[in-house]
Amino acid sequence: MKKITTAIVLSAGLALPLSAMADDTSEVTIRVMEMTETQAQEVIRNIELPDAASVNAAEGLETAEQHRDQIRAQERERVMNEMDAEQDRDMLQEQDMIREQLRDSMDAPEMPGGGIQGN
């Protein structure tokens, strides 16, 4: 029984590194640093991305810029509509005031001598 347990533990221990090495989901290049390379910055400068990454990044940037432009245009349109609505309200309010003043002047009795008597 002890031999079977030992065999299972050993086989699991040996299989684990093999399964990790078989993972092809990400591509990694490992380079050994030279003795004179003391900073990671020198290694980072050597990292090259595949062409697909550049194309995807450019497409993503273009999409983001288009989205930003659409949002700006919508905001500009919303502000213009609000300004137009406010101007319309102001104009209607001014017209109402003028009508009210005319109505008040028509309703006020005239005083002798041509003046208008107030309430």
Side-chain angles (χ1 to χ4, degrees):
M1 183 72 156
K2 189 173 185 179
K3 289 183 181 184
I4 294 175
T5 306
T6 306
I8 291 173
V9 170
L10 281 176
S11 63
L14 292 174
L16 184 63
L18 294 176
S19 65
M21 288 190 309
D23 185 20
D24 284 338
T25 58
S26 62
E27 186 176 311
V28 177
T29 303
I30 299 175
R31 183 177 72 84
V32 178
M33 291 178 61
E34 299 294 327
M35 290 297 287
T36 58
E37 293 176 323
T38 57
Q39 296 180 359
Q41 196 68 350
E42 295 178 32
V43 175
I44 293 172
R45 277 190 238 130
N46 293 327
I47 295 177
E48 294 181 22
L49 295 175
D51 292 337
S54 298
V55 171
N56 290 341
E59 288 172 357
L61 178 61
E62 184 177 329
T63 302
E65 288 174 344
Q66 288 173 350
H67 184 66
R68 179 202 61 209
D69 293 343
Q70 287 175 345
I71 289 173
R72 285 182 179 171
Q74 289 171 351
E75 181 65 17
R76 212 175 5 257
E77 185 177 343
R78 185 187 64 78
V79 168
M80 292 300 290
N81 289 340
E82 284 180 3
M83 289 173 60
D84 288 344
E86 187 175 342
Q87 287 176 347
D88 290 345
R89 281 192 302 271
D90 290 347
M91 190 167 51
L92 288 173
Q93 189 177 19
E94 188 174 328
Q95 288 174 351
D96 288 344
M97 287 175 51
I98 291 172
R99 282 189 194 107
E100 190 175 316
Q101 288 175 351
L102 285 173
R103 191 173 30 246
D104 288 347
S105 67
M106 300 285 269
D107 291 343
E110 285 190 33
M111 289 180 42
I116 299 176
Q117 180 181 3
N119 292 343

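Because only heavy atoms are used, hydrogens play no part in the values below, and waters and symmetry mates are left out as well, while side chains stay in. Predicted, not measured: the structure shown is a model, and the values here were computed from it.
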Exercise for the section: For Glu75, check salt bridge (charged side-chain N to carboxylate O under 4.0 Å, His left out) against everything at least two apart and list the hits. Expected result: Arg78
Handout entry: Any residue meeting side-chain contact (heavy atoms from CB on, under 4.5 Å) with Glu65, in chain and number order, not counting sequence neighbours
Key = Leu61, Arg68
Handout entry: Interatomic distance, Arg76 atom CZ to Asp69 atom CG [nearest 0.5 angstrom]
Key = 8.5 Å
Handout entry: Which residues share a side-chain contact (heavy atoms from CB on, under 4.5 Å) with Met97, sequence neighbours left out
Key = none
Exercise for the section: List the steps, then state whether side chain to side chain contact (heavy atoms under 4.5 Å, CB included) holds for Leu92 with Arg89. Expected result: CA-CA 5 Å; Leu92 288 173; Arg89 281 192 302 271; 5.8 Å; no
Practice task
Check the surroundings of atom CD in Glu82: do more than 12 heavy atoms from other residues, nucleotides or ligands lie under 6.0 Å from it?
Solution key: yes
Practice task
Can you measure from CD (Gln70) to CD (Gln66) and round to the nearest 0.5 angstrom?
Solution key: 7.0 Å
Exercise for the section: Rounded to the nearest 0.5 Å, what's the gap from CD on Gln93 to CG on Asp96? Could you check? Expected result: 7.5 Å
Problem - Check: Met80 and Glu77 side chains under 4.5 Å, non-hydrogen atoms - result: no
